[in-house]
There are 4 protein chains.
Amino acid sequence: MTEKPRRRLPRAVREEQIVDAALEVFSQRGYHAAAVDEICERAGISKPMVYLYLGSKEAVFIACVRRESERLVTTLREAAHTGDTPEARLWAGLEAFFRFVTDHRDGWVVLHRHAADVGEAVAGEIDRARRAIMTEVTRLVRDGISLVGEPGTPATRLGGEDAEFVGHALVGAADSLTDWMERHPRRSAEDTALRMMNMVWIGMRQVLGGEVWTPPGRR
Amino acid sequence: MTEKPRRRLPRAVREEQIVDAALEVFSQRGYHAAAVDEICERAGISKPMVYLYLGSKEAVFIACVRRESERLVTTLREAAHTGDTPEARLWAGLEAFFRFVTDHRDGWVVLHRHAADVGEAVAGEIDRARRAIMTEVTRLVRDGISLVGEPGTPATRLGGEDAEFVGHALVGAADSLTDWMERHPRRSAEDTALRMMNMVWIGMRQVLGGEVWTPPGRR
Amino acid sequence: MTEKPRRRLPRAVREEQIVDAALEVFSQRGYHAAAVDEICERAGISKPMVYLYLGSKEAVFIACVRRESERLVTTLREAAHTGDTPEARLWAGLEAFFRFVTDHRDGWVVLHRHAADVGEAVAGEIDRARRAIMTEVTRLVRDGISLVGEPGTPATRLGGEDAEFVGHALVGAADSLTDWMERHPRRSAEDTALRMMNMVWIGMRQVLGGEVWTPPGRR
Amino acid sequence: MTEKPRRRLPRAVREEQIVDAALEVFSQRGYHAAAVDEICERAGISKPMVYLYLGSKEAVFIACVRRESERLVTTLREAAHTGDTPEARLWAGLEAFFRFVTDHRDGWVVLHRHAADVGEAVAGEIDRARRAIMTEVTRLVRDGISLVGEPGTPATRLGGEDAEFVGHALVGAADSLTDWMERHPRRSAEDTALRMMNMVWIGMRQVLGGEVWTPPGRR
DNA sequence: TATGAATGAGAGTTCATTCAT
DNA sequence: TATGAATGAACTCTCATTCAT
């Protein structure tokens, strides 16, 4: 009798609520299995509102992708300004990433676990989001590593293609480690980031220092 | 007189044809967007046959996953027996992986690009497939690296948790690099594998040699 | 200071505005395709107002029909008093009709192009409107033609059934010629009326003079 | 228990049944008010069949329009070949028309009582159907009347614009008389046609003979 | 073995309509 | 008086699935 959850909210608030609810449902069920009805129910709202405000199921999904993408990009960008040395920046970036994934599991699922099976509009938006993230990471890597060698040795800077390569590898690895984290719940985001630094940074230092690996047969 | 494309084929052959067709369709369209009708059409067979042989759309998809998973696992396992040294085995494994992805694009898509949005049965099967692959890679890593140090120094062997960590990182990175490859078409599977070795192996050697990275603040 | 287009108008004015707007929309889109939202927008008013004043979409439509019907009936009635001879009255009636259709296109569309596809209440109202028009035309025809023969020969007067027949034929023809006019834009209302007189009146004169047509086979 | 109305009918038969049922429903309810569900029910068939065979509600409606339009056009065309003289042909045409409307009430409603309120595709098809009918009638009129005068007096032939005018008037009048017939059920199609001939033909004869009507004021 | 014919169940979407302010 | 916020109810359409032959 007493606690009707407040009606007549202003539009902006309701939109936010809808995206919140949608994120949960999309993340749990996937795009197709997600029923608009369930989103409504969880948002405590009726279907016409969703369509009035967002326009279509696709648009709701896109709104989710966009918001989470922006959040993650912002997070990464801020981390990149945190440390003084490139090493510190990469470290901060990795840590920020794993923290984001831990805290916004739903967002990450929506961003990275929805490849196929989705209309062009949605696929395009996801692609855009991923590129944005990749760009951020690639920049982190390139700018960071350009300073690895002694000052004045810009030759050691990673080229564009190399930086992209490392970017892809890092994002992919980090994404996959997301699963690893779920199976080792005691491992914190920081812990995971630390392991990655050990796996990646030490080698990179060497490589930039000139060390090269060649296949056994060709040595 | 007529040239109807062979009727009355034995069951095994028909099933294989169905899976072939289904793999293409699932890979191109995704699980939901894939219409059973299209699979039938491409397999040159009628719908009731598909249901008679495989039982349901889910079952068809599972059959695809299972077959491709086995193929990849076999490929990886064979690669692991190829070289003498652990280094050679990891190299062979990576190369085999990228070659598989290049040659069996559809299979890989079905295995790795279908996380959410799918019934429990399917999700379970995909999960099983991924674990199988991960197991293979983890083994590759652990067995390989256990010998990195001098003989007789098993202390440097990677622990279970560490090996799993590296396994996840490798698979994730490799998966993501799949996209990178598509954007750099001239880069062969071997080329990509080579880059990964440079990124991963050199560092790992150091780490196993005892080198440890610690965050800037705590040094 | 602000120039919001007049608020707090008296009810009668508002209703008139609503009907004006509704007429446009109904005429352009048809009853179903007409969105109440668009009517509101075009009337510069909010939805609850429309419902407060008119009650329902049906009621709005009925109000349109009623108003336009009255206008047309009035127009026809006035025309029927214009001329001295029956011939002149019919001529005036036809001219008035085509002028009305030309000048109140929307009204005519609402009156005559909405037969099916509409609830009973609306259908009833449309029917009533049409009967009113038909009555007017039938009277025009009967009273007119009753005098065609010499005075003192009431036998030539059209009977009720005949008058109704001619009334239907005239209204139908005139309605259809509405389309013809649209395809020959240079033809004025007067022009069209003239053609109809030539088509109808001359024959009618003969018929009332006793001439009868019989099918070829029965002569 | 005994009379399940035959299942597994060949496609062509089912399509015909669907159009039959649809015609009834569209005619009674109008395009929008007609629910596909009701069409299915009346056709003794399930919804997917309708969509499999015809494709959409619009397409079903269009199929109705097309079929009835063809029927009517055929009827008119045949009638036009029936008589020797133009007079006889016009008479046959009118009679055929009223008979068609009497026997295929639903078809006529679908053809002529669905002006506004309908998507472009449907509107286009209706328009096409109406033009076809109008063409037929116009031809009937023109070819007929060209011979009205004595042989060798082609000057009396109706010009294109005039013929179109008369065509519109005739179709409109006939359409409207359809309502008149419903209110005088004892009047047969032949009867109605006879009245129209009396109303139209006698006058037309005069007009083509050179008689012209001019407004009172200008004489 | 093989298939054309058929369907149950549910999805997204769009109104006209009404609270609550 | 006037309105932004909200909804119930219905509709078209699609798909995996199964008869009946």
Side-chain angles (χ1 to χ4, degrees), chain A residues 4 6-11 13-14 32-40 44-60, chain B residues 4 7-11 14 32-40 44-60 119, chain C residues 4 7-11 14 31-40 44-60 119, chain D residues 4 6-11 13-15 32-40 44-60:
Chain A
K4 279 188 183 173
R6 288 213 200 125
R7 313 195 151 226
R8 310 279 143 179
L9 295 177
R11 173 166 184 153
V13 177
R14 274 274 129 97
H32 284 92
V36 175
D37 272 317
E38 191 178 354
I39 295 175
C40 296
I45 224 174
S46 76
K47 248 192 295 190
M49 282 278 85
V50 171
Y51 283 89
L52 179 61
Y53 285 160
L54 277 308
S56 73
K57 187 185 182 183
E58 271 203 342
V60 173
Chain B
K4 283 182 185 173
R7 308 190 150 238
R8 313 268 155 180
L9 293 177
R11 175 163 183 151
R14 273 274 133 97
H32 283 93
V36 175
D37 273 315
E38 191 178 354
I39 295 175
C40 296
I45 219 174
S46 78
K47 251 194 291 192
M49 285 279 84
V50 169
Y51 282 88
L52 180 63
Y53 283 153
L54 277 309
S56 74
K57 186 184 182 184
E58 272 202 341
V60 174
Chain C
K4 282 182 185 173
R7 304 188 155 241
R8 312 271 157 180
L9 293 178
R11 174 162 184 154
R14 273 273 132 99
Y31 181 75
H32 284 92
V36 176
D37 274 315
E38 191 179 353
I39 294 175
C40 296
I45 219 174
S46 79
K47 253 195 291 193
M49 284 279 86
V50 170
Y51 282 87
L52 180 62
Y53 283 154
L54 276 311
S56 74
K57 185 187 184 182
E58 272 202 340
V60 174
Chain D
K4 278 188 185 171
R6 293 218 193 119
R7 316 198 149 226
R8 309 281 144 180
L9 295 177
R11 172 166 185 155
V13 177
R14 273 275 127 99
E15 283 193 9
H32 284 93
V36 175
D37 272 317
E38 191 179 354
I39 295 175
C40 297
I45 224 176
S46 77
K47 245 191 299 190
M49 283 277 86
V50 170
Y51 283 89
L52 179 60
Y53 285 160
L54 277 309
S56 74
K57 186 187 182 182
E58 271 203 340
V60 174

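Given the structure is predicted, the values throughout are model-derived calculations rather than measurements. Lettering follows sequence order; numbering is per chain, from 1.
Once rounded to the nearest 0.5 Å, the distance linking CD of Glu15(D) with CD1 of Ile45(D) reads 9.5 Å. One distance of note links CG of Leu52(B) with CZ of Arg11(B); it measures 6.0 Å at 0.5 Å rounding. Note: Arg14(B) CZ to Met49(B) CE = 8.0 Å, rounded to the nearest 0.5 Å. Between Tyr51(D) atom OH and Cys40(D) atom SG the span is 7.5 Å, to the nearest 0.5 Å.
Closest approach to the Ala35(B) side chain among dA6(F), dA16(F), dT7(F) is made by dA16(F) (side chain taken as heavy atoms from C-beta onward).
A sub-4.0 Å separation between OP1 or OP2 of dA6(F) and a side-chain N or O of Arg14(A) is present. Side-chain nitrogen and oxygen atoms of Arg11(A) include none within less than 4.0 Å of the OP1 or OP2 phosphate oxygen of dG4(F).
In this structure, Lys57(B) contributes its side chain and Ala34(B) its backbone to a donor-acceptor pair below 3.5 Å.
Rounded to an integer number of Å, the gap from CG of Asp37(B) to C1' of dC15(F) is 9 Å. Regarding Leu9(A), its CG atom lies at a distance of 22 Å from the P atom of dT3(F), rounded to whole Å. At whole-Å resolution of the value, CD1 in Ile45(C) and P in dT3(F) are 7 Å apart. Rounded to whole Å, atom P of dT14(E) lies 16 Å from atom CD of Glu38(C).
Of all the residues in residues 46-58 of chain D, Lys47(D), Pro48(D), Tyr51(D), Ser56(D), Lys57(D) reach under 4.0 Å from DNA chain F with at least one non-hydrogen atom.
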Practice problem: Would you write the dot-bracket representation of DNA chain F, where each base gets (, ), [, ], | or . depending on whether it forms a Watson-Crick or G-U pair under 3.5 Å and with which partner? | Solution: .||||||||||||||||||||
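Evaluation of the salt bridge (charged side-chain N to carboxylate O under 4.0 Å, His left out) test over residues 44-56 of chain C, restricted to residues two or more places apart or in two chains, returns Asp37(C)-Lys47(C).
Position along DNA chain E of the nearest nucleotide to Ala33(C) versus Pro10(D) favours Pro10(D) as the more 5'-ward residue.
Residue contacts shown for Ala34(C) are limited to sugar-phosphate atoms, with no base heavy atom under 4.0 Å away.
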